[in-house]
Structure formats: C-alpha cells, structure tokens
Amino acid sequence: MVCGGLRPLTPAPRLAAAGRRGPGDTSRHRPPPGSRRHFVRAAAGTERVSVPRGGSWALPCAAMPSSPLRVAVVCSSNQNRSMEAHNILSKRGFSVRSFGTGTHVKLPGPAPDKPNVYDFKTTYDQMYNDLLRKDKELYTQNGILHMLDRNKRIKPRPERFQNCKDVFDLILTCEERVYDQVVEDLNSREQETCQPVHVINVDIQDNHEEATLGAFLICELCQCIQHTEDMENEIDELLQEFEEKSGRTFLHTVCFY
C-alpha cells in the first residue's frame, strides 16, 4: 500500500456486469494477459480500468508538505464539480485552480431545454443576481443560488482551461469528455520545458451530492500523491489502489509542457 492503506467503511453491493466482478469474486482486478499498466504520452492514448462500485473509505495521510502540488480541477462550466473540489483542496492547503472547458457557462433553467447560458467573463455575482431576479424560489430550491454564493467566495468568475497557460503538476477532470478536451488542448501546445503533467479523470455526476463526494475523493487522491516519495514511479500503483477501493473508473495520461 502506498498511502497507509485504504479502508472501506460502507461497501455497496457489487453488481455483475460487463467489465465488473460478480458478488462472489473477491480477487483483485488484473489487466488482460500480456498487458500491464503503464504511463503513456497523451498523444499515444490512454489507459482505462473498470472495477466494481464500492463504498467510501477512511484515508490516513500526513500533514501537507511545505511545497504542495500545483493542482487544477476541471469540469465543463467551472460551476459545481470543479468548484467543490477547489473549495476542499484549498482548505487542505493545496495550490489549486479550477476551470471549465465549455464554450459557454451553462446552468440549469426552468426546463431541460432552457438552460441559463453565460459567457465565461460573467462573474458569479452577476449570475447570482440574474437568477435571483428571474426566479428566486426555483433557484433557491434547486441549490443553484447556494452554489453561486459559494463560488463567488472562492474567486470572482469562472475560468476556461484553454485560456490558461500556467503549469500544473496534476490536472483532475470530472468527466471523460472534459478529459479529452484537456488532453487535446495540452497536445496542441508547443512543448517548451518537457515538464510532465499527470492528467487523471474521475467521473463525477453533475449534481450537488456527487460533487461533494467526488471532491473528497479527489482530495484524498491528491493527498496520497503529494506524499509519495517518487510520484512518477508510484502513481500507477496508487491509482490502481484507488480504483479498487472506490469502484470508479480512472483514466490517466502523462502530457508534457
């Protein structure tokens, strides 16, 4: 175990499905014969591992070192999932920024086909006041006003990943489509320093409850990566451990600046 061991607290029933183990199978997940887990350049492809869904776990990690990882968390609109993770990571002492990859910021509207659409230059405060004017009861009830109030306490406005040229050690994305957009953008940039950046996708449903659970998972993952003695050589084993204990599918690629 890389980070003191991950202890399942409330494991959920395991479903027998394609790529998942049945209820009676307690063996560790292993890759197909002849293959092995490995790091790859983004341009060469990605690795994908599917494991059964499990429960939450407790994770003992030491105090934050003096030089925390430079972390970015990315979702589509920089509103819910990335901002919840931003909030948690910031409180844990990480150097963290959050982003979206969409062309516009979209928030739920009065109907599925009537979202509220904003430019990335629109501040969270402006969105809050706009929705407050449109329908205070609706956007209070669905939690959007509470979310925007949280967001504006963290930073002024959403940011688009493609417009940021800062360097990170670790980029966490919240869905596969966003992961693909981040990898595509990094691959389109001219390599200058060849400094590696690990891009990891953790699928998180875009609702308030899952955003909170996903944020704690991301934080635990970052804490364990932070405390590895050799990140480049240990991250592979650590990700496999998280996959098996969390029951989530992780994608992992190494890109270069």
Side-chain angles (χ1 to χ4, degrees), residues 56 59 61 64 68-112 114-164 166 168 170-175 177-179 181-182 200-223 226 246 248:
S56 59
L59 184 60
C61 282
M64 178 66 64
L69 287 170
R70 295 167 295 181
V71 180
V73 189
V74 192
C75 65
S76 181
S77 292
N78 199 195
Q79 290 285 349
N80 182 32
R81 296 165 293 179
S82 63
M83 287 300 287
E84 183 66 22
H86 186 153
N87 186 36
I88 297 297
L89 288 169
S90 179
K91 290 179 178 178
R92 297 297 189 274
F94 282 93
S95 173
V96 58
R97 292 183 65 184
S98 59
F99 303 92
T101 55
T103 54
H104 293 88
V105 172
K106 294 182 179 180
L107 290 173
K114 297 180 180 179
N116 292 284
V117 180
Y118 301 98
D119 189 272
F120 268 87
K121 295 180 181 179
T122 309
T123 67
Y124 292 122
D125 192 55
Q126 289 171 328
M127 297 178 199
Y128 181 94
N129 290 327
D130 181 51
L131 297 184
L132 190 66
R133 176 184 57 81
K134 287 180 177 178
D135 193 331
K136 179 180 179 180
E137 182 178 356
L138 171 63
Y139 297 113
T140 298
Q141 185 177 14
N142 65 15
I144 300 299
L145 290 179
H146 175 76
M147 180 187 73
L148 289 170
D149 185 61
R150 185 270 320 270
N151 291 354
K152 65 183 183 180
R153 297 174 189 273
I154 298 173
K155 64 180 186 179
R157 58 173 55 84
E159 298 173 87
R160 194 164 184 262
F161 179 80
Q162 292 90 333
N163 297 334
C164 176
D166 289 352
F168 299 99
L170 186 62
I171 300 174
L172 284 304
T173 61
C174 300
E175 65 178 275
R177 178 173 58 88
V178 173
Y179 171 86
Q181 291 169 332
V182 167
I200 299 172
N201 183 68
V202 184
D203 278 321
I204 302 171
Q205 294 181 33
D206 194 6
N207 60 59
H208 300 303
E209 181 180 359
E210 286 297 318
T212 300
L213 294 174
F216 280 106
L217 172 61
I218 285 174
C219 183
E220 290 166 351
L221 176 59
C222 289
Q223 285 177 319
Q226 175 73 71
S246 70
R248 293 177 184 259

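We use all heavy atoms of the structure for the numbers below, so side chains are in, but hydrogens, waters and symmetry mates are not.
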From [X] [atom1] over to [Y] [atom2], what is the distance, rounded to the nearest 0.5 angstrom?
X	Y	atom1	atom2	value
Lys155	His86	NZ	NE2	6.5 Å
Ile204	Leu213	CD1	CG	9.0 Å
Cys219	Arg92	SG	CZ	5.0 Å
Glu220	Ile88	CD	CD1	10.5 Å

I'd like to check [X] versus [Y] (side-chain heavy atoms, cut-off strictly below 4.5 Å). Are they in contact?
X	Y	result
Thr173	Ile200	no
Met127	Gln79	yes
Leu131	Asp135	no
Phe94	Arg70	no
Asn78	Met83	yes
Lys152	Pro156	no
Val182	Phe99	no

Problem - Salt bridge flag under 4.0 Å for residues Glu175 and Arg81 - result: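 Answer for the salt bridge query: yes.
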
Test item: [X] side-chain N/O and [Y] main-chain N/O as donor-acceptor pair under 3.5 Å:
X	Y	answer
Asn151	Tyr124	no
Glu159	Cys164	no
Ser90	Asn87	no

Practice task
Report the C-alpha separation of Arg248 and Glu210 in whole Å, then their side-chain angles, then the decisive distance to 0.1 Å, and conclude whether the salt bridge (charged side-chain N to carboxylate O under 4.0 Å, His left out) test is met.
Solution key: CA-CA 13 Å; Arg248 293 177 184 259; Glu210 286 297 318; 3.6 Å; yes

Could you pull out the closest heavy-atom pair between [X] and [Y], with the gap in Å?
X	Y	value
Arg157	Thr123	NH2-CG2, 3.3 Å
Ser246	Leu217	CB-CD1, 4.3 Å
Val71	Cys222	CG1-SG, 4.2 Å
Phe120	Ser77	CE2-O, 4.3 Å
Leu145	Tyr128	O-CE1, 3.3 Å
His208	Asn80	ND1-OD1, 3.6 Å

Enumerate donor-acceptor pairs with a distance under 3.5 Å from any side-chain N or O in residues 102-112 to protein atoms, sequence neighbours excluded.
none

Handout entry: Derivation of the salt bridge (charged side-chain N to carboxylate O under 4.0 Å, His left out) call for Asp166 and Arg97
Key = CA-CA 10 Å; Asp166 289 352; Arg97 292 183 65 184; 2.3 Å; yes

Problem - Lys136, NZ: over 12 other non-hydrogen atoms inside 6.0 angstrom - result: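 At most 12 heavy atoms, drawn from other residues, nucleotides or ligands, come within 6.0 Å of this atom.
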
